There are 2 protein chains.
Amino acid sequence: MATLGGLERSVMSLLWDGGESLSANDVRDRLGEDLAVTTVLTVLSRLERKDMVRRERSTRPHRYTAVASREEHTVEMLNEVLGTAGDREAVLARFIGGIPDSEAAALRRLLQK
Amino acid sequence: MATLGGLERSVMSLLWDGGESLSANDVRDRLGEDLAVTTVLTVLSRLERKDMVRRERSTRPHRYTAVASREEHTVEMLNEVLGTAGDREAVLARFIGGIPDSEAAALRRLLQK
DNA sequence: CACCATTACTACAGCGTGTAGAAATCGACG
DNA sequence: CGTCGATTTCTACACGCTGTAGTAATGGTG
């Protein structure tokens with residue numbers, strides 16, 4: 001269900017890559033785009049509502065962190081997509097048919113264990 | 001790119017499951033929801049614009065077919081999601097860590113060959 | 001308590017989707 | 001060939017989501 005808009009996605013990227021918690025001002029500064037802080041705050045609130053972001057309210061500039069890592073989130077998306085799949089195995093078969101050999105090898109390794 | 005709304009998705013489901021081409025009236029009849037044909041036509045046109053549906057214009061009730069099978073489409077979605085992943089292999093690792101054993105086995109088989 | 005930084009609330013435009021009426025079109029039948 | 005009914009196109013509008021920000025409230029610090 002978590003369809004993000006462009007700005008929302010940019011903000012999530014910062015939180016994911018930055019590693020740690022950021023204030024609204026931090027976020028605004030790191031986005032190159034010269035936005036009002038209120039804009040960033042709005043976006044952060046919406047991301048909080050979508051459970052993508054957790055907010056530390058006890059500090060004065062509130063600090064925001066991503067609820068899940070980028071990889072965790074991506075896996076969630078994958079599962080969401082697969083949930084609509086009908087025949088999961090058919091999809092996976094087709095999927096691995098199209099991935100580069102290096103990744104196929106990596107998968108084989110991961111599955112062997 | 002292909003984010004579908006609820007009705008759009010229902011229509012695609014019909015086209016996918018029905019197997020063959022349907023007219024707008026066919027679609028309207030199969031949706032339980034008592035919609036105007038024009039509504040269905042609008043949705044079909046939008047799906048055509050999104051390249052989800054092909055339309056046979058030469059017959060009088062135009063006939064509509066899904067451009068890709070449900071599985072093909074799902075694979076496209078998967079790749080789209082993976083495209084935003086950052087570290088694809090990390091995501092895949094996490095992903096296969098969470099799938100049921102039966103599917104893991106199936107994957108192993110598929111990768112072996 | 002007053003002031004500045006921060007946050008909350010409110011607003012609005014633009015776009016996608018669901019929904020459908022009115023107008024145009026097309027083929028068949030007389 | 002003209003008419004009529006079915007089909008398609010065009011136009012419209014409401015609603016929700018996103019980007020964007022102003023204004024009002026709030027909270028700590030001197």
Side-chain angles (χ1 to χ4, degrees), chain A residues 1-16 18 20-67 73 77 80-81 84, chain B residues 1-16 18 20-67 73 76-77 80 84:
Chain A
M1 262 302 113
T3 270
L4 303 183
L7 183 53
E8 289 176 332
R9 183 159 296 278
S10 301
V11 170
M12 285 312 299
S13 262
L14 287 179
L15 294 175
W16 279 327
E20 47 198 322
S21 73
L22 298 177
S23 72
N25 274 305
D26 293 341
V27 171
R28 193 215 37 204
D29 293 345
R30 301 191 187 197
L31 294 166
E33 305 170 46
D34 188 36
L35 295 169
V37 202
T38 52
T39 299
V40 174
L41 279 164
T42 302
V43 169
L44 284 167
S45 293
R46 288 174 183 168
L47 288 170
E48 191 190 18
R49 187 152 35 86
K50 294 183 189 179
D51 276 307
M52 302 279 307
V53 151
R54 195 177 310 103
R55 174 201 316 228
E56 183 55 77
R57 282 186 145 93
S58 59
T59 67
R60 186 47 179 176
H62 294 178
R63 305 199 68 83
Y64 300 82
T65 53
V67 164
H73 175 250
M77 297 281 92
E80 207 168 286
V81 168
T84 73
Chain B
M1 260 301 115
T3 272
L4 302 183
L7 183 53
E8 290 176 331
R9 183 158 296 279
S10 302
V11 170
M12 285 311 300
S13 261
L14 286 180
L15 294 175
W16 280 327
E20 48 197 321
S21 72
L22 300 177
S23 72
N25 273 305
D26 292 341
V27 171
R28 193 216 36 203
D29 293 345
R30 300 191 189 197
L31 295 165
E33 304 170 45
D34 189 34
L35 295 169
V37 202
T38 53
T39 298
V40 174
L41 279 163
T42 301
V43 169
L44 284 168
S45 293
R46 289 174 182 168
L47 288 171
E48 191 191 18
R49 187 151 36 85
K50 295 183 191 180
D51 275 308
M52 302 278 308
V53 150
R54 195 177 309 104
R55 175 203 313 230
E56 183 55 77
R57 283 188 145 92
S58 59
T59 66
R60 184 49 179 173
H62 294 179
R63 304 199 70 81
Y64 299 83
T65 52
V67 163
H73 175 250
E76 272 177 46
M77 297 282 93
E80 208 167 286
T84 74

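Labels below follow one simple rule: chain letters A, B, ... track the order of the sequence lines, proteins then strands, and each chain is numbered from 1. Only a predicted model underlies this, so the values are computations on that prediction, with no experimental measurement involved.
Shown here are the salt bridge (Lys or Arg N to Asp or Glu O under 4.0 Å) partners of A:Arg9, two or more places apart in sequence or in another chain: there are none. By the side chain to side chain donor-acceptor pair (under 3.5 Å) test, B:Thr59 is found to be paired with no residue, residues two or more places apart in sequence or in another chain being considered. With sequence neighbours excluded, the residues satisfying salt bridge (Lys or Arg N to Asp or Glu O under 4.0 Å) with B:Glu48 are B:Arg55, B:Arg57. Annotation: salt bridge (Lys or Arg N to Asp or Glu O under 4.0 Å) contacts of B:Glu76 (sequence neighbours excluded): none. Taking the ring pair (Phe, Tyr, Trp, His ring centres under 6.0 Å) definition, one finds that B:His73 meets it with B:Trp16, sequence neighbours left out. Under the salt bridge (Lys or Arg N to Asp or Glu O under 4.0 Å) criterion, B:Arg49 pairs with no residue, sequence neighbours left out.
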Compile the donor-acceptor pairs under 3.5 Å between side chains in residues 35-43 of chain B and protein atoms, sequence neighbours left out, one pair per line.
| from | atom 1 | to | atom 2 | distance (Å) |
| --- | --- | --- | --- | --- |
| B:Thr42 | OG1 | B:Thr38 | O | 2.9 |

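The stretch residues 4-14 of chain B touches DNA chain C through B:Gly5, B:Gly6, B:Leu7, B:Glu8, each having a heavy atom within less than 4.0 Å of the strand. Sorted by residue number, the members of residues 28-42 of chain A with any non-hydrogen atom under 4.0 Å from DNA chain D read A:Leu35, A:Ala36, A:Thr38, A:Thr39, A:Thr42. A heavy-atom distance below 4.0 Å to DNA chain D is reached by these residues of residues 46-63 of chain A, ordered by number: A:Arg46, A:Lys50, A:Arg60.
The list of salt bridge (Lys or Arg N to Asp or Glu O under 4.0 Å) pairs with a residue in residues 26-36 of chain B, not counting sequence neighbours, reads B:Asp26-B:Arg63.
Here the C1' atom of nucleotide C:dA5 and the CG atom of A:Asp26 are 14 Å apart, to the nearest Å.
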